[in-house]
Amino acid sequence: MTHLDEGTILTIRDHGLVDADAHEHLDRCASCTSALAAAQGRADAVARSLRALDDGPPIDVDAAKAAVRRRLDERREAPRPRVPGVYGSLGRAALLVALASGAVYALPNSPLRGWLAGDDVPGRSTVETTADGEPAATEGVELAVPTGGLSIALTTAAMGQRVEVRWVDGDRLTVEAGADSRYQVSDGRVGVDLGPGDVRIDVPAGNEPIIVEVNGRMILQRVDGGLVVQGDVLSSDPSGIVFTVGQR
Amino acid sequence: MDFDTTFEAHYPGLVRYCRRLTGDPDAAEDVAQESFVRLFDHGIEGTADGLRAWLFTTATHLVRDRYRVETNRRRLLEENPVEPTTGESPDRSLERSEDRARALAALDTLATRDREILLMRYSGFSYKEIAESVGVAATSIGTLLARAEARFEEACVSGEAA
């Protein structure tokens with residue numbers, strides 16, 4: 001007899017969806033019933049232990065609300081850090097300097113990922129694109145990437161937001177997003193804190209490996225000529241793929 | 001949902017989640033507030049559940065990116081920052097302080113992703129919501145959660161024995 005694995009038992013405990021066969025097995029298997037009871041006991045113990053961390057000063061919702069309103073006002077009054085559609089010379093120069101120090105790429109399990117993710121490591125060069133730009137139809141960053149891999153991380157993406165990835169000739173990586181988006185560029189990595197609006201990423205066809213992440217989830221990886229797509233694909237053709245940000 | 005309704009519905013829960021995630025009440029408040037700023041600044045809309053998931057996911061990413069959680073936990077463990085509750089007996093105060101230190105140390109034994117999965121589950125999120133937040137298949141959550149729970153409980157028990 002094959003017993004239920006631990007993951008299935010926890011899924012049943014937490015009222016998740018499992019095959020009907022699993023429930024049938026549970027009805028007639030004392031061993032798995034016992035394992036389910038043990039898992040429930042463990043959940044109670046874990047919940048009890050975690051409650052110890054809830055101690056702290058009382059949560060003052062009104063004060064927090066006022067603080068958030070202040071932050072929103074400050075943010076709305078301050079000029080947005082932007083790189084205009086024509087890619088202002090200051091921002092462009094800074095980006096090229098950043099890229100000149102070497103495109104760096106890290107596979108998902110590489111220790112370099114922590115470095116790319118922003119851990120404080122001496123010598124890391126990070127450039128904030130703070131050049132103020134005039135209003136433009138498109139805004140974004142453009143980088144010269146002669147060789148090597150790239151990681152593009154989109155954060156605060158909203159459900160239903162459209163992300164288009166295109167393979168292009170040449171050595172220019174371009175990321176364009178809504179006017180309220182903010183960009184951060186370090187060696188081999190572009191991070192975009194997204195505002196509303198569609199996203200378009202033009203990736204040099206000759207560069208590898210490439211990773212595109214949305215809200216911390218990898219949606220596309222190109223490595224060794226192969227393409228791994230995990231996002232919600234809206235449409236696809238040889239020149240690129242269009243994703244839509246899925247429901248959380 | 002308007003600003004007040006959304007804030008009052010989700011802020012306390014988000015702060016509690018961030019306290020567990022960071023082990024630092026000040027950092028927790030900061031992250032929770034920044035998550036709300038981004039929610040309203042970006043004009044994110046959705047159902048109450050959808051907004052809650054968005055806020056918790058954003059907070060998780062902020063913690064991951066901004067705060068060196070392990071460093072904070074170690075500092076907090078060293079400082080043993082639990083403040084006694086007014087009127088509480090010294091024995092009870094000590095016991096609470098030890099429970100808190102043990103839970104922090106036990107969370108510290110988990111990998112970042114396992115810790116996020118554990119804490120999101122114990123904040124009431126479904127496997128599907130957790131999967132989308134941490135970027136793994138929903139079918140893997142049961143197994144990952146089982147591992148995280150087992151390691152956490154084991155660390156708590158060994159902490160009690162120590």
Side-chain angles (χ1 to χ4, degrees), chain A residues 5-18 39 42-43 45-57 59-61 63-65 67-69 71-72 74-76 117-120 155-156 158-159 178 180 191 193-196 213-219 230 246-248, chain B residues 3-4 7-8 11-12 15-16 19-20 23 25 28-29 32-34 36-38 40-44 46 50 53-54 57-58 60-61 64-66 68 82 96 99-100 102-104 106-107 118-119 121-122 126-127 129 132-135 139-146 149-150 152-153 156:
Chain A
D5 62 63
E6 213 170 7
T8 304
I9 286 174
L10 254 70
T11 308
I12 292 171
R13 181 196 70 183
D14 295 335
H15 311 293
L17 289 176
V18 293
R42 197 168 62 204
V46 169
R48 211 167 29 247
S49 296
L50 288 175
R51 276 198 293 275
L53 295 173
D54 295 340
D55 277 350
I59 299 168
D60 187 340
V61 175
K65 213 186 288 181
V68 167
R69 284 193 197 280
R71 283 200 207 182
L72 278 167
E74 285 166 9
R75 192 165 289 195
R76 283 166 186 161
D119 291 343
D120 289 333
T155 52
T156 63
M159 189 174 71
D180 288 341
D193 192 7
L194 288 175
E213 291 180 357
V214 175
N215 294 338
R217 175 191 177 200
M218 190 189 80
I219 62 166
Q230 296 183 339
Q247 185 169 8
R248 291 166 178 283
Chain B
F3 180 93
D4 286 328
F7 206 93
E8 283 156 18
Y11 185 76
V15 170
R16 278 193 290 275
R19 280 184 183 176
R20 291 177 173 189
E29 293 258 357
Q33 288 177 18
E34 177 61 22
F36 272 95
V37 168
R38 291 185 181 205
F40 294 116
D41 195 32
H42 292 320
I44 306 292
W54 191 95
T57 301
T58 300
T60 303
H61 293 165
R64 208 188 290 161
D65 291 347
R66 286 188 180 183
R68 286 182 288 179
V82 175
R96 286 158 62 97
D99 287 348
R100 178 183 165 78
R102 195 160 42 240
L104 281 172
L107 280 178
L118 183 81
L119 294 180
R121 177 61 206 149
Y122 283 84
S126 69
Y127 284 18
E129 289 169 323
E132 287 174 358
S133 178
V134 301
T139 49
S140 304
I141 292 294
T143 305
L144 294 170
L145 182 61
E149 284 183 356
F152 178 76
E153 193 187 18
C156 282

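Order of the sequence lines sets the chain letters (A, B, ...), proteins ahead of strands, with each chain counted from 1.
Residue A:Leu194 touches chain B through its backbone alone, counting heavy-atom pairs closer than 4.5 Å. B:Ala106 does not touch chain A: none of its heavy atoms, backbone or side chain, sits under 4.5 Å away. Using a 4.5 Å cut-off between heavy atoms, A:Ala47 contacts chain B through both its backbone and its side chain.
Between A:Val68 and B:Tyr11, the closest side-chain pair of non-hydrogen atoms is not below 4.5 Å. For the pair B:Ile141 and A:Asp14, the minimum side-chain heavy-atom distance is 4.5 Å or more. Using a 4.5 Å heavy-atom threshold, the side chains of B:Arg121 and A:Leu10 count as separate.
From B:Glu153, atom CD reaches atom CZ of A:Arg48 across 9.0 Å, with rounding to the nearest 0.5 Å. Between the CZ atom of A:Arg71 and the CD atom of B:Glu34 there is a distance of 5.5 Å, given to the nearest 0.5 Å. Remark: A:Arg69 CZ to B:Gln33 CD distance equals 12.5 Å, nearest 0.5 Å. The distance from atom CZ of B:Phe152 to atom CG of A:Leu50, rounded to the nearest 0.5 Å, is 4.0 Å. Atoms OG1 and NE2, from A:Thr156 and B:His61 in turn, are 10.5 Å apart once rounded to the nearest 0.5 Å. The CD atom of B:Glu149 sits 5.0 Å away from atom CZ of A:Arg42, with the distance rounded to the nearest 0.5 Å.
For chain A, the option among B:Asp4, B:Leu144, B:Asp99 with the highest count of heavy-atom pairs below 4.5 Å is B:Asp4. Considering only heavy-atom pairs separated by less than 4.5 Å from chain B, the leading option among A:Pro57, A:Gly195, A:Gly178 is A:Pro57.
Shown here for B:Leu145 and A:Arg13, the closest heavy-atom pair between the two residues is CD2-NH2, 3.9 Å. Closest approach of B:Ala103 and A:Ser49 over heavy atoms only: CB-O, 3.5 Å. Closest of all the heavy-atom pairs between B:Gly142 and A:Thr11 is CA-OG1, 4.1 Å. Heavy atoms only, all atoms of each residue included: A:Leu72 and B:Val37 are closest at CD2-O, 3.5 Å. Minimum interatomic distance between A:Val61 and B:Pro12 (heavy atoms only, all atoms of both residues): CG2-CG, 3.8 Å. Here the closest non-hydrogen pair linking B:Arg19 and A:Asp54 is NH1-O, 3.4 Å.
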Pair B:Glu29, A:Asp60 - check side chain to side chain contact (heavy atoms under 4.5 Å, CB included), show working.
CA-CA 10 Å; B:Glu29 293 258 357; A:Asp60 187 340; over 6 Å; no
